[in-house]
Engineer: 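My questions will all concern the structure given below.
Sequential numbering from 1 along the given sequence is applied to the chain's residues. Quick note: numbers below take in every heavy atom, side chains included, and nothing from hydrogens, waters or symmetry partners.
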Amino acid sequence: MALDSPKLRDVLADVASGTLQLPDFQRDWKWDDDRIRAIIATVTLDYPLGVVMTLETGGESPFRARTLTGAGLEQERVPHLLLLDGQQRLTSLFQALSLDVPVETVDARGRAIKRWYYVDIAKAVRASADRDEAVISVPENKVLRTDFARTVVLDLRTVDDECTAGLFPLHFVFDTQRVNSWKKAFVKKNEDINWDLWGEFEERVLEPVRSFQVPMIRLAASTSMDAVCAVFERVNTGGVPLNVFELLTATYAGDRAWVGQTGDYYRLPEIWQTIKQGLATRHPVFGRLEQGIEDGLSSSDFLQAVALVRTWERKQAGSGAAVSCKRRDLLELPLTEFDRLAPRLAEAFEWVGAFLQQQCIVRAADLPYRTQLVPLAAVRAILGEVTDSLAAEELITQWYWCGVLGEMYGGSTETRFTRDVEQLVRWIRRGGEPPETVTDAFFFAERLNTLTTRNSAAYKGIYALLIKQGAVDWHFTDAPLSPKRLGEHAVDVRQIFPKSWIDKRHGKDFPANSIVNKTPLSLRASQDMTGPPGSYLPSLIAASDMRLEWFDDVVATHLISPDTLHENDYERFYTDRTRQLVDLVQSAMGKRTALRGVVDAEDPR
């Protein structure tokens, strides 16, 4: 790392020539008019600009690069420096001080505008405190109007107009020939006054701009991508955090071997978009495309799954590498390896979508843990069709529900990813000791009392298990609920006993919003559920055209004792259903020892 202080005019020349460019992961320039005027004033006063950080490339850019906004090049050029920090400042100065076109910016309300920047000569030679007022901007046509554009207050369309107004155009401040030509026109207007005024202006404004130095840190070309990413995020604390996908997008696009082999650069966003659209179209559980490509299953999830498979393969090959999907592993993922493994992981996630459908989890809102899909897809990619056997399917299903109901994926997940991939692969192939996600998973029966919203994975899990075990809707009674019917009938979690009714009779002795008092039912069924069950069941029974005992069998598919509803006995209902839900969870987790502290029949709190 080296510290340098090049002159601003040289830095802007490097921007124009393409010697200094941006890594493609940098986001677009976005400064508004007020900030541009403020930074111009800073330069004219020779005040500190702030350190700019660059990365030397040695002519071999590790990223696909692009020019700063406004610096259009006739042909592509490999930069010698990449700008990591300072894009907003340098782009603003480059556009305002070096280009013969108005600056495309925004006003205080965020509306797009085009502006030319000038400095008022008379104001600029006064006290430094007036410098902000001395720098002004005018519209693209160089005519400033007020009174709803009815009154012209400033017209700068010709050099003569500029000189008359005493406003120096800043866009050619570094062009000596044009400055001298403008000076002659200005002095000619009033030689006795303007000659002295120009001399003072040149000394107090133009010379500070011409000699202005930019403090610049230069990182060596040998700096690792992980370090570049970390540095970028630390110096850009005011912006949106940079993610690994953006960095890899720029890195892969800059891969010269790929360009040489294919004749074009690698477009990672397009590859990911194709994969995600295919997955989400066939399996909505992966996200809602109308909400954006990153809704639900994200690019980072996919990259982590790729990294898990790659590091697992390297470990099996005896490289000494550990199975991992940390940030460093993703940043060190070669393009050739990603290109090789991406199709396998796309197929693996397709299998995961089908697996989730078997568990009756088909909508993004019903997915307990998105993160748990990462190791599951990695295991499928490693084992392939081995996971299709009945024995493997049973083990994977048990592991999945232990993770959901034991709420094992609620915290830091990278370490669990690693353990689950290795342990689940070994368990499926050889049997023996189950993964820690299975052995460490516990579900305390009292947890049912606190499962009240979709924020909990176990809440969503029990909802799915009720559907999976054969719950029949209370209006559409011809067949059990199924993944297809969830959308058709607007099935959701519905309250069985109304909260207001419970509060009046039981106070807070019995939880009203717990999953115990909820079950999957259609919107049509819920529309008839007014008041306590003893009041609304007769209308549901009549609408079903069933005998009472047959409808009671339908109610029982929700693990509910029908007589507790007919009698409006909430206490007995809650106690009885708690035990049945405990049995359901126990069966899914495949381990009776997972359940402790079963709610006492006399006190379900």
Engineer: Parallel, tilted or perpendicular: which fits the ring planes of Phe172 and Phe168, with parallel below 30° and perpendicular above 60°?
Structural biologist: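 Correct class here is perpendicular.
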
Engineer: Go through it in stages, so that I can follow the logic: the residues are Arg327 and Glu332, the test is salt bridge (charged side-chain N to carboxylate O under 4.0 Å, His left out), and I'd like the CA-CA distance, side-chain angles, deciding distance and then a yes or no.
Structural biologist: CA-CA 9 Å; Arg327 185 184 187 89; Glu332 294 176 354; over 6 Å; no

Engineer: With no hydrogens and no angle check, just 3.5 Å: does a side-chain donor-acceptor pair link Ser211 and Lys7?
Structural biologist: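 Result is no, nothing qualifies.
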
Engineer: Are the side chains of Pro169 and Glu162 in touch, meaning some heavy atoms are under 4.5 Å apart?
Structural biologist: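 A side-chain contact exists here, since the closest heavy-atom pair is under 4.5 Å.
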
Engineer: In terms of ring plane angle, is the pair Tyr369 and Tyr409 parallel, tilted or perpendicular, where the classes change at 30° and 60°?
Structural biologist: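 Correct class here is tilted.
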
Engineer: Can you tell whether the side chains of Asp492 and Arg454 come within less than 4.0 Å, N to carboxylate O?
Structural biologist: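 Between Arg454 and Asp492 there is a salt bridge, with a charged N closer than 4.0 Å to a carboxylate O.
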
Engineer: Would Asp366 and Arg363 satisfy salt bridge (charged side-chain N to carboxylate O under 4.0 Å, His left out), going step by step from the backbone distance to the final call?
Structural biologist: CA-CA 5 Å; Asp366 298 332; Arg363 299 177 296 196; 2.8 Å; yes

Engineer: Is a salt bridge present between Lys326 and Glu414, judged by a nitrogen-to-oxygen distance below 4.0 Å?
Structural biologist: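 No.
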
Engineer: Side chains of His283 and Glu350 only: does a donor on one sit below 3.5 Å from an acceptor on the other?
Structural biologist: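 Looking only at side-chain atoms, Glu350 and His283 do form a donor-acceptor pair, the distance falling under 3.5 Å.
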
Engineer: Quick one: sort the Phe286 and Phe349 rings into parallel, tilted or perpendicular, breaks at 30° and 60°.
Structural biologist: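 Taking Phe349 first and then Phe286, their aromatic rings stand perpendicular (interplane angle over 60°).
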
Engineer: Would you mind listing every side chain to side chain donor-acceptor pair (under 3.5 Å) that reaches into residues 269-278, with sequence neighbours excluded?
Structural biologist: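 Side chain to side chain donor-acceptor pair (under 3.5 Å) check on residues 269-278 returns Trp272-Glu294.
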
Engineer: Between Arg344 and Glu347, is there a side-chain N and carboxylate O pair less than 4.0 Å apart?
Structural biologist: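 No, no charged N to carboxylate O under 4.0 Å.
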
Engineer: For Glu191, look at atom CD and say whether over 12 heavy atoms of other residues, nucleotides or ligands are found less than 6.0 Å away.
Structural biologist: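 Atom CD in Glu191 is not crowded, with 12 or fewer foreign heavy atoms closer than 6.0 Å.
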
Engineer: Specify whether Tyr266 and Trp258 have parallel, tilted or perpendicular ring planes, treating 30° as the upper limit for parallel and 60° as the lower limit for perpendicular.
Structural biologist: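 Plane angle over 60°, so perpendicular.
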
Engineer: Could you walk me through whether Asp161 and Lys142 pass salt bridge (charged side-chain N to carboxylate O under 4.0 Å, His left out), step by step?
Structural biologist: CA-CA 10 Å; Asp161 292 334; Lys142 298 187 179 181; over 6 Å; no

Engineer: What I'd like to find out is whether the side chain of Arg115 reaches to under 4.5 Å of the side chain of Pro102, using heavy atoms alone.
Structural biologist: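 Result no, sub-4.5 Å side-chain heavy-atom pair not found.
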
Engineer: Starting from the C-alpha separation in whole Å, work towards a yes-or-no answer on salt bridge (charged side-chain N to carboxylate O under 4.0 Å, His left out) for Asp32 and Arg35.
Structural biologist: CA-CA 6 Å; Asp32 60 33; Arg35 296 187 74 176; 5.3 Å; no

Engineer: With a 4.0 Å cut-off, would you call Asp155 and Arg157 a salt bridge?
Structural biologist: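 Salt bridge present between Asp155 and Arg157.
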
